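Worksheet: one structure, shown below.
Numbers here simply count residues along the sequence, with the first being 1. For clarity, every value in this text was computed on a predicted model and none was experimentally measured.
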Amino acid sequence: QVQLVESGGGWVQAGGSLRLSCAASGRTVSSSAMGWFRRPPGTEREFVASISWSGGGTRYATSVKGRFTVSRDNAKNTVYLQMNSLKPEDTAVYYCAASDTTRWETEVQYQYRYWGQGTQVTVSS
């Protein structure tokens with residue numbers, strides 16, 4: 001079993017930055033692809049970014065490309081999402097996820113078995 005805990009969410013003005021962290025416990029996730037997803041108010045959960053087991057491969061949603069950066073520190077069993085130039089449309093609950101089926105970055109939600117509780121990000125205009 002893997003437990004994921006997100007942190008770093010909060011309120012920020014448009015144009016600001018936040019850094020989300022996702023700490024894994026229970027077992028190492030160093031051989032797992034990791035992903036970030038979000039659920040904006042009133043909509044379904046959507047893909048944000050993912051990273052391969054080694055960190056050598058990353059993938060981003062078009063809406064965040066160039067503004068968000070996903071990274072990982074396998075020694076700390078932690079994944080990060082650096083969010084810059086935030087926009088009001090980035091407001092959402094952000095979730096971290098760990099895959100049991102692939103080591104490679106993927107945006108497919110059903111390939112992620114473990115999910116965190118989520119952290120709220122609110123961007124005001």
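Nearest heavy atoms, S125 versus A14: CA-CB, 4.3 Å. When every heavy atom of R59 is checked against every heavy atom of F47, the shortest pair comes out as O-CZ, 3.6 Å. Residues A49 and L81 approach most closely at CB-CD1, 4.2 Å, considering heavy atoms. Minimum interatomic distance between V29 and R72 (heavy atoms only, all atoms of both residues): O-NH2, 2.7 Å. Across every non-hydrogen atom of E105 and S52, the tightest pair is OE1-CB, 3.4 Å.
For the pair C96/W36, a side-chain contact is recorded, criterion being any heavy-atom separation below 4.5 Å from C-beta on. Counting only heavy atoms from C-beta outward, the side chains of S17 and Q82 approach each other to under 4.5 Å. Taking the side chain as every heavy atom from C-beta outward, Q109 and Y95 never approach each other to under 4.5 Å.
Rounding to the nearest 0.5 Å places OG of S32 at 12.5 Å from CH2 of W104. To the nearest 0.5 angstrom, Y60 atom OH is 10.0 Å from K65 atom NZ. Taking CG from D90 and CZ from R38, the interatomic distance works out to 5.0 Å, rounded to the nearest 0.5 Å. Annotation: the span from N74 atom CG to M34 atom CE amounts to 9.0 Å, rounded to 0.5 Å. The distance from the CZ atom of R39 to the CD atom of E44 is 8.0 Å, given to the nearest 0.5 Å. Taking CZ of R103 as the reference point, atom OG of S30 lies at 8.5 Å (rounded to 0.5 Å).
Under the 4.5 Å side-chain heavy-atom criterion for ILVMFWY residues, no single connected hydrophobic cluster contains both F37 and L18. A continuous path of hydrophobic side-chain contacts links V12 to L20 [ILVMFWY only; heavy atoms under 4.5 Å]. No continuous path of ILVMFWY side-chain contacts below 4.5 Å connects Y112 to V64, so the two sit in separate hydrophobic clusters. The hydrophobic cluster containing V2 does not contain W53, counting ILVMFWY residues as joined when their side-chain heavy atoms lie under 4.5 angstrom apart, directly or transitively. V123 and M83 fall within a single hydrophobic cluster, where Ile, Leu, Val, Met, Phe, Trp and Tyr side chains are chained together by heavy-atom contacts under 4.5 Å.
Within a 6.0 Å radius of CD in E46, more than 12 heavy atoms belonging to other residues, nucleotides or ligands are found.
Looking only at distances, a side-chain donor or acceptor of S50 sits under 3.5 Å from a matching main-chain atom of T106. Side-chain atoms of E6 never come within 3.5 Å of backbone atoms of T119 as a donor-acceptor pair (strictly under, hydrogens ignored). Distance alone, capped at 3.5 Å, places no donor-acceptor pair between the D73 side chain and the T78 backbone. Side-chain atoms of R67 come within 3.5 Å of backbone atoms of S85 as a donor-acceptor pair (strictly under, hydrogens ignored).
Residues T102 and Q111 have side chains that never bring a donor and an acceptor to within less than 3.5 angstrom of each other.
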